[in-house]
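Structure first, then comments.
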Amino acid sequence: MAEQGTGFVGVFDSGVGGLTVLGCLMDELPHERFVFFGDSARAPYGDKSFEEVLALSRRIASSLVDEGAKALVIACNTATSVAAPTLRSEYPDIPVIGVEPALKPATLAPRHRRILVMATAATLRLGKFQRLEDRWGAGSEVIEVPCVGLADLIEQGDPASPKIRELLERQLGPWRGKADSVVLGCTHYPLIRDQIREVVGDVPLFDGGRGAARETRRRLEAAGLLAPSSQAGSVELRSSIDTPEEHDLYRRLLALAQEGAGR
Ligand code: DGL
């Protein structure tokens, strides 16, 4: 348990996907204390209504803030699109950082004629992504790929599973060899990078984890909230499925995410 008032960074997602953002945060901010909450009991958020995702996000944020979070990272594209403005207005005194599909870096890369954006249906439908596409998509052909069911399969904990491969074949197979890059617009998807490349081809994959981690550093620095370099970093993993098996799964997937954070 984090002690009251120690000023940890609270990080949350609908489930295991946020671990890919946490891996980047730990890399970028090695002296911080992180408390991660994955709402695996209620995942996926991508199929829920706006009101449900908002209510779930507010409940998690409020418990992290009550416990002493000095900053919040919404490590979920769906929850960011839905809840970031509300959480920023409810907690004006602490940095609230979100993630967004990494369309900007994909459009600035040398090869960007055709960009596939994989995300939940909710993320693609909501105004935040539509604004991102209006701003950065003009010089490219941006293909939206709503990956219904994919986060749910990743939650089951086997990134190499044949079921994931089958779904990817259906959703991405038609684009094999025809895309210049792929944006991983859901924080679960970096956990299955290898399978995505096997289906779509050996193209650059862009995700928002690294950008969110850098933004968290900037926001903590600006607010004078960075942990001193004398502090040992730490991480506590929590899931709304509170079983030893689930905790093992979180630890295993965090290790996988940390390997991927450098790629
Ligand atoms: N990991 C989440 C995201 O980045 C959502 C997955 C889900 O729960 O549908 O959008």
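In listed order, ligands and their atoms are each counted from 1. These numbers come from a predicted model, not from an experiment.
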Problem set entry | Part of T120 within contact of ligand 1 (heavy atoms, under 4.0 Å) | side chain
Specify the protein heavy atom at minimum distance from [atom]: its residue, its atom name, and the distance to 0.1 Å.
{"atom": "atom 2 (C) of ligand 1", "value": "C76 SG, 3.2 Å"}
{"atom": "atom 7 (C) of ligand 1", "value": "Y45 N, 3.3 Å"}
{"atom": "atom 9 (O) of ligand 1", "value": "G46 N, 2.7 Å"}
{"atom": "atom 10 (O) of ligand 1", "value": "T78 OG1, 2.6 Å"}
{"atom": "atom 3 (C) of ligand 1", "value": "N77 N, 3.3 Å"}

Cluster question for you: counting only ILVMFWY and a side-chain heavy-atom cut-off of under 4.5 Å, with indirect links fine, are [X] and [Y] together?
{"X": "V11", "Y": "I241", "result": "no"}
{"X": "Y189", "Y": "L116", "result": "yes"}
{"X": "V99", "Y": "L191", "result": "yes"}

For this session: Answer whether the closest heavy-atom distance between the side chains of H188 and L150 falls below 4.5 Å.
Result: no
Taking 4.0 angstrom as the limit, do [X] and [Y] come out as a salt bridge?
{"X": "R218", "Y": "E28", "value": "no"}
{"X": "K128", "Y": "E100", "value": "yes"}
{"X": "E236", "Y": "R33", "value": "no"}

Exercise. Counting from 1, what ligand 1 atoms have a heavy atom of S14 closer than 4.0 Å?
Worked result: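 Within the 4.0 Å cut-off of S14, ligand 1 contributes 5 (C), 6 (C), 7 (C), 8 (O).
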For this session: Check each atom of ligand 1 against the heavy atoms of D13 and keep those under 4.0 Å away; list them by number with element.
Result: 1 (N), 2 (C)
For this session: Report yes or no: does C186 have a heavy atom closer than 4.0 Å to ligand 1?
Result: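 Yes, C186 has a heavy atom closer than 4.0 Å to ligand 1.
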Exercise. Can an N or O of D47 be found at a distance shorter than 3.5 Å from an N or O of ligand 1?
Worked result: no
Exercise. N/O to N/O below 3.5 Å, does that happen between A43 and ligand 1?
Worked result: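 Among all N and O atoms of A43, none is under 3.5 Å from an N or O of ligand 1.
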Exercise. Does CZ in R252 sit with more than 12 non-hydrogen atoms of other residues, nucleotides or ligands closer than 6.0 Å?
Worked result: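 Yes, the 6.0 Å shell around CZ holds more than 12 heavy atoms from other groups.
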